[in-house]
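Notes for the one structure printed next.
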Protein chains: 2
Amino acid sequence: MTVDQWSTEPIYRQIAAILRAKIESGEYAPGDKLPSEPRLQQEHGFARDTIRHAIKLLREENLVVTLPGRGTFVRPRSQ
Amino acid sequence: MTVDQWSTEPIYRQIAAILRAKIESGEYAPGDKLPSEPRLQQEHGFARDTIRHAIKLLREENLVVTLPGRGTFVRPRSQ
DNA sequence: AAATATTTGTACGTATGTATG
DNA sequence: GCATACATACGTACAAATATT
């Protein structure tokens, strides 16, 4: 699962989709810390701004919470 | 004082006028930091590009100076 | 306790693409 | 063609919170 640089789908949405899939598959389980922003930058090869945009989407979906200085963590499944 | 979306006056000029008025009234005093671009985005509800365009006008009028990574500041009154 | 490293937050600069009037 | 406006993406720098040594 990689980003298609030439897709009309914005990169940040593609990255969000990748992370979302990993959460839903359990690769990132509730309570797990996601890779840090610099780490995700390395993994996917895009700017921090783009990574942060992706994570912001996941926060808005209540899939993760971000704690300053700590990291971004997978939330417990609701319901 | 708000932006009229339907005015023939460009939005960026309207926003510039609002900020200019606040500077001239002393609400933003010399040395004060203006709200950041994202903050102004929230306040007025337009795109960053539009906010930046407004601030650019104030810079050209020497009303403010912008320091990268710091913010935009009201200049001391000249003469 | 103190210094350093890591991680997220904030802020501006720049460039490009799309759409509209 | 040009001006206006929004969206996306990358770059750079520094601050603040937290963790580590």
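Each chain gets a letter, A, B and so on, in the order its sequence line appears, and its residues count up from 1.
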Review point. For A:Lys22 and A:Met1, what are the C-alpha separation, side-chain angles and deciding distance, and is it a side-chain contact (heavy atoms from CB on, under 4.5 Å)?
Key: CA-CA 10 Å; A:Lys22 289 186 175 178; A:Met1 220 177 171; over 6 Å; no

Review point. If you check every side-chain atom of B:Ser36, which of C:dG9, C:dC12, D:dA9 has the closest atom?
Key: C:dC12

Check your understanding: On DNA chain D, nearest-nucleotide positions of B:Arg48 versus B:Ile51: which is more 5'?
Key -> B:Ile51

Point to revise | Euclidean distance, atom CG of residue B:Leu34 to atom C1' of C:dC12 [Å, nearest integer] | key: 14 Å

Check your understanding: What integer distance in Å separates A:Gln42:CD from C:dT6:P?
Key -> 11 Å

Check your understanding: Roughly how many Å is it from CD1 in A:Ile55 to P in C:dT8, rounded to a whole number?
Key -> 7 Å

Practice item. Quickly work out the B:Phe73 CZ to C:dA11 P distance and round it to whole Å. Key: 10 Å

Review point. Do B:Leu40 and B:Val64 share a hydrophobic cluster, counting only Ile, Leu, Val, Met, Phe, Trp and Tyr and linking them when any side-chain heavy atoms are less than 4.5 Å apart?
Key: yes

Practice item. Please report, rounded to the nearest Å, how far the P atom of D:dT8 is from the NE2 atom of A:His44. Key: 19 Å

Practice item. Determine the minimum heavy-atom distance between A:Pro30 and A:Pro76, stating which atoms define it. Key: CB-CA, 3.9 Å

**Study point:** A:Glu37 vs A:Ile55, side-chain contact (heavy atoms from CB on, under 4.5 Å): CA-CA, chis, key distance, verdict
**Key:** CA-CA 9 Å; A:Glu37 292 171 3; A:Ile55 293 174; 4.2 Å; yes

**Study point:** Heavy-atom side-chain proximity of A:His44 to A:Thr50 below 4.5 angstrom
**Key:** no

Practice item. Write down the partner of D:dA15 under the Watson-Crick or G-U wobble criteria, each distance required to be under 3.5 Å. Key: C:dT8

Study note, to complete from the structure: note: A:His53, atom NE2; C:dT8, atom P; distance rounded to Å ~ 17 Å

Exercise for review: Starting at atom CZ of B:Arg52, determine the distance to atom P of D:dT4, rounded to an integer number of angstrom.
Suggested key: 16 Å

Review point. Are side-chain heavy atoms of B:Leu19 and B:Leu63 found at a separation under 4.5 Å?
Key: no

Study note, to complete from the structure: Between CG of A:Asp49 and C1' of C:dA15 the distance, given in whole Å, is 13 Å

Review point. For residues 12-22 of chain A, which residues have at least one heavy atom under 4.0 Å from DNA chain C?
Key: none

Review point. Which residue lies toward the 5' end of DNA chain C, B:Glu37 or A:Arg59, if each is placed at its nearest nucleotide?
Key: A:Arg59

Check your understanding: Are B:Ile23 and B:Arg20 side-chain neighbours, meaning at least one heavy-atom pair lies under 4.5 Å?
Key -> no

Review point. Within a reach of under 6.0 Å around NZ of A:Lys33, are more than 12 heavy atoms found that belong to other residues, nucleotides or ligands?
Key: yes

Practice item. Between A:Ala47 and B:Thr50, just flag the one whose closest nucleotide in DNA chain D comes earlier from the 5' side. Key: B:Thr50

Please list each protein N or O that sits under 3.5 Å from an N or O in nucleotides 17-21 of chain D, with the distance.
| residue | atom | partner | partner atom | Å |
| --- | --- | --- | --- | --- |
| D:dT18 | O3' | A:Arg70 | NE | 3.4 |
| D:dA19 | OP1 | A:Arg70 | NE | 2.5 |

Review point. Between B:Ala54 and B:Ile15, which heavy-atom pair has the shortest distance, and what is it?
Key: CB-CG2, 3.7 Å

